[in-house]
2 protein chains.
Amino acid sequence: MRPATSHDVARLAGVSQPTVSRALRDDPRVSRDTIARVRAAAASLGYVPSSRGRSLSTRATGQVAVVVGELDNPFYMEALEHLYGRLEADGLRLVALTDPPERSSLTVERLLDGAVDGAIVMTTLLGSDLPGQLAARGLPTVLLNRAIDDELVDTVECDNRQGAGLAAAELLALGHREIAAIFGPATTSTGRDREAAFREVLAAGGVPLAEARIRRGPFTHEFGRQALGELLAGAPADARRGDGAARAAGAGSAAARPTAVFCANDVLAIGALNGAKGAGVAVPEQLTVVGFDDIGMAAWELYDLSTVRQPLAEMAATAVRLLSERIADPSLSPRRQRLPAELVRRGSHRAAPAAR
Amino acid sequence: MRPATSHDVARLAGVSQPTVSRALRDDPRVSRDTIARVRAAAASLGYVPSSRGRSLSTRATGQVAVVVGELDNPFYMEALEHLYGRLEADGLRLVALTDPPERSSLTVERLLDGAVDGAIVMTTLLGSDLPGQLAARGLPTVLLNRAIDDELVDTVECDNRQGAGLAAAELLALGHREIAAIFGPATTSTGRDREAAFREVLAAGGVPLAEARIRRGPFTHEFGRQALGELLAGAPADARRGDGAARAAGAGSAAARPTAVFCANDVLAIGALNGAKGAGVAVPEQLTVVGFDDIGMAAWELYDLSTVRQPLAEMAATAVRLLSERIADPSLSPRRQRLPAELVRRGSHRAAPAAR
DNA sequence: GCCGAGCATACATACGTATGCACACGGCGT
DNA sequence: ACGCCGTGTGCATACGTATGTATGCTCGGC
């Protein structure tokens, strides 16, 4: 019992297959009468048009790939949620794709095999040639939340430098001098830009960030948790996980315990909050924590995380708009949109203990 | 500049299109020589086989739909993660689909339009006819984590009754007598089964659950948060959100504050933990909280949630195995797998204050 | 009564790949 | 020298839909 095709419907309704195709799309050239007959036949056979046949014929799929990192990262999930709604409003379907770096060639193939009309990529690394490859092959592509230095494709991000500057200024204004930071990978534009701006504003305020007060690693909960433990223990910057000797040696050279820590995203910050709880350090009484993104969880009572809000809904809307425009007209030259960030003051930060 | 097709490759390599098709799949009937020539031509053109053309011809797509609820629910995300890996091992691709109940007809069409070879459905409601429809149309389907009463399709779930019984027994053993519960929707098998077993075991232990101590609602963080607030305030069971009069009246008839609350899943439990923090009630000193699922977040220090562990990795593996088997042989009769749950004792529960 | 206009439908074909089958070629055995 | 077989390739076609074009029909106008 194979699924019914438009030919089956045509036979039952006593018309030709093309007429079925037109009737179901309410083509004005088909008479009311025939439309009704075709619809009845289709319903009685439980006919569902084949998406493969259709897309083969029209060269369009109505699907858009969204390339994200780990699926269990709430930031990506919120982004997907926003994108889903926006794409749907444009009649497009979202296909989520994760991008394991070790086989990005597979990802490229999957994007270029005709299964999607366009791509929104959220995992771009700074040196990645994926955007270039996609653009060269004519696949409409938008980078979201991550940028590359070349202007090859459309890009939507928030102003990471401005946002990180807000966090730094807030810490300075609250009198913090013993400041630490958990940054993201330097291979990403978000990691690089947030770090650079945060350090610049601190330095301009006369409180340069010491290397020993910096941890740099993946945007994961576990790294935030571990990094905060190291910072509290005063482990030196070059102490790597599992290197017990270096860590022990570093403990002796510990500077004063930081009174504030900036985390380059909320996932790291929430990891840090959990790490603080594990280390018995009270937030905000003993430690100020500030994140970046303002994911939904940040507002939950147990975190109550002060953070730099990224306008994710607008960013998603913009990304979808740029993509739709480019699908409609692939010859557009690359555009870049940068939206402003905003500081959200909640309960995880307060004035430094020593501040007068 | 349109993407290259196998015809283009054939022309360049000086062979016929079918030979290209065979050469790229390393068909033994094609000579080493020709394979090399075809590969070179394909590479130089940047040829990527069209998934549409291929699937139209083979009637298979290598794609499996996974129907989940809200994307921001960490339980679904973890499930997707597990499923993704297992499907990949079987050479299958995962396509995530959310299922807005108000247009489940759209979901059905999307599943039957030939874009996927099978479906894993995690959102089934008890009375849903979606599984039946899919099965009737011959789409290999597996229900995961949710069951329906009819044996129409393959089903994989954990033993929700046994698991909820473990939680109830633990609370009784710890001397809790003032017990409350936040249950899931009665329209789901998980909601129904966990509630029924929890109540049965409590009743058998001589501590029947009072209706006023029960809240029943969606499996969301927000509902868990709100429900815990109501339970702490002693709001009556029939007090509905926004019904201020009923709530005020109920406050007078409040029984003793509960010493323990069971939540039908971890998302609700974490909502409850946040609600408790918001209400200034300490966990576990003043309130024991037990969840269900053991999602990754449950182990984070700030939650440290005691919960009933669902063997999600095994469930996912089983679901994929059943689906693969059914894709290979659609005539199999429906099977049902039920895996045991396990109590995970962490810091969110302890003996009742009054327990001797 | 004939012709043109306009409407409804059918015919032919394209989209890109996979596969059953036929066919050409060369080597070997007798 | 002839026929057989195995090997490598091409030919024809199928998959399901959409669309450009041709065709048949009806109706109105003169």
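This is a predicted model, so every value here is computed, not measured. Residue numbers begin at 1 in each chain, while the letters A, B, ... track the order of the sequences.
Scored by the side chain to side chain contact (heavy atoms under 4.5 Å, CB included) test, A135(A) finds V153(A) as partners (sequence neighbours excluded). Under the side-chain hydrogen bond (donor to acceptor under 3.5 Å, both in side chains) criterion, D149(A) pairs with R192(A), not counting sequence neighbours. Residues forming a side-chain hydrogen bond (donor to acceptor under 3.5 Å, both in side chains) with T58(A) (at least two apart in sequence, or on another chain): none. Here R29(B) pairs with R22(B), D27(B) under the side chain to side chain contact (heavy atoms under 4.5 Å, CB included) rule; sequence neighbours left out.
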Atom pairs and distances, side-chain donor-acceptor, residues 320-330 of chain A, under 3.5 Å, sequence neighbours left out:
| from | atom 1 | to | atom 2 | distance (Å) |
| --- | --- | --- | --- | --- |
| R321(A) | NH1 | E325(A) | OE2 | 3.2 |
| S324(A) | OG | D90(A) | OD2 | 2.6 |
| S324(A) | OG | V320(A) | O | 3.1 |
| E325(A) | OE1 | R335(A) | NH1 | 2.5 |
| R326(A) | NE | D154(A) | OD2 | 2.7 |
| R326(A) | NH1 | P330(A) | O | 3.4 |
| R326(A) | NH1 | L332(A) | O | 2.9 |
| R326(A) | NH2 | D154(A) | OD1 | 3.1 |
| R326(A) | NH2 | D154(A) | OD2 | 3.3 |
| R326(A) | NH2 | L332(A) | O | 3.1 |
| R326(A) | NH2 | S333(A) | O | 3.4 |
| D329(A) | OD1 | S331(A) | N | 3.1 |
| D329(A) | OD1 | S331(A) | OG | 2.6 |

Between side-chain atoms of residues 109-121 of chain A and protein atoms elsewhere (two or more places apart, or another chain), which donor-acceptor pairs fall under 3.5 Å?
| from | atom 1 | to | atom 2 | distance (Å) |
| --- | --- | --- | --- | --- |
| R110(A) | NH2 | Q63(B) | OE1 | 3.1 |
| D113(A) | OD1 | A115(A) | N | 3.0 |
| D117(A) | OD1 | T61(A) | N | 2.8 |
| D117(A) | OD1 | T61(A) | OG1 | 2.9 |
| D117(A) | OD2 | T61(A) | N | 3.1 |
| D117(A) | OD2 | G62(A) | N | 2.7 |

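Between the side chain of T318(A) and the backbone N or O of E314(A) there is at least one donor-acceptor pair closer than 3.5 Å.
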Give every pair of a protein N or O atom and an N or O atom of nucleotides 6-9 of chain D that lie under 3.5 Å apart, one pair per line with the distance.
| from | atom 1 | to | atom 2 | distance (Å) |
| --- | --- | --- | --- | --- |
| dT9(D) | OP1 | S31(B) | OG | 3.3 |
| dT9(D) | OP1 | T34(B) | OG1 | 2.4 |
| dT9(D) | OP2 | S31(B) | N | 3.0 |
| dT9(D) | OP2 | S31(B) | OG | 3.3 |
| dT9(D) | OP2 | T34(B) | OG1 | 3.2 |

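Within the structure, the salt bridge (charged side-chain N to carboxylate O under 4.0 Å, His left out) test picks out the following pairs touching residues 9-19 of chain A (sequence neighbours left out): D8(A)-R11(A). Each salt bridge (charged side-chain N to carboxylate O under 4.0 Å, His left out) pair with one or both residues in residues 41-51 of chain B, not counting sequence neighbours, would appear here, but there are none. Applying the side chain to side chain donor-acceptor pair (under 3.5 Å) definition to pairs two or more places apart or across chains, those involving residues 39-50 of chain A are D26(A)-R39(A).
Boundaries of the chain A contact region on DNA chain C are dA8(C) to dG16(C), first to last in 5' to 3' order (nucleotide atom under 4.0 Å from a heavy atom).
The C1' atoms of five pairs define one axis at each end of the helix from dG1(C)-dC30(D) to dT30(C)-dA1(D), and these two axes lie 60° apart (to 10°).
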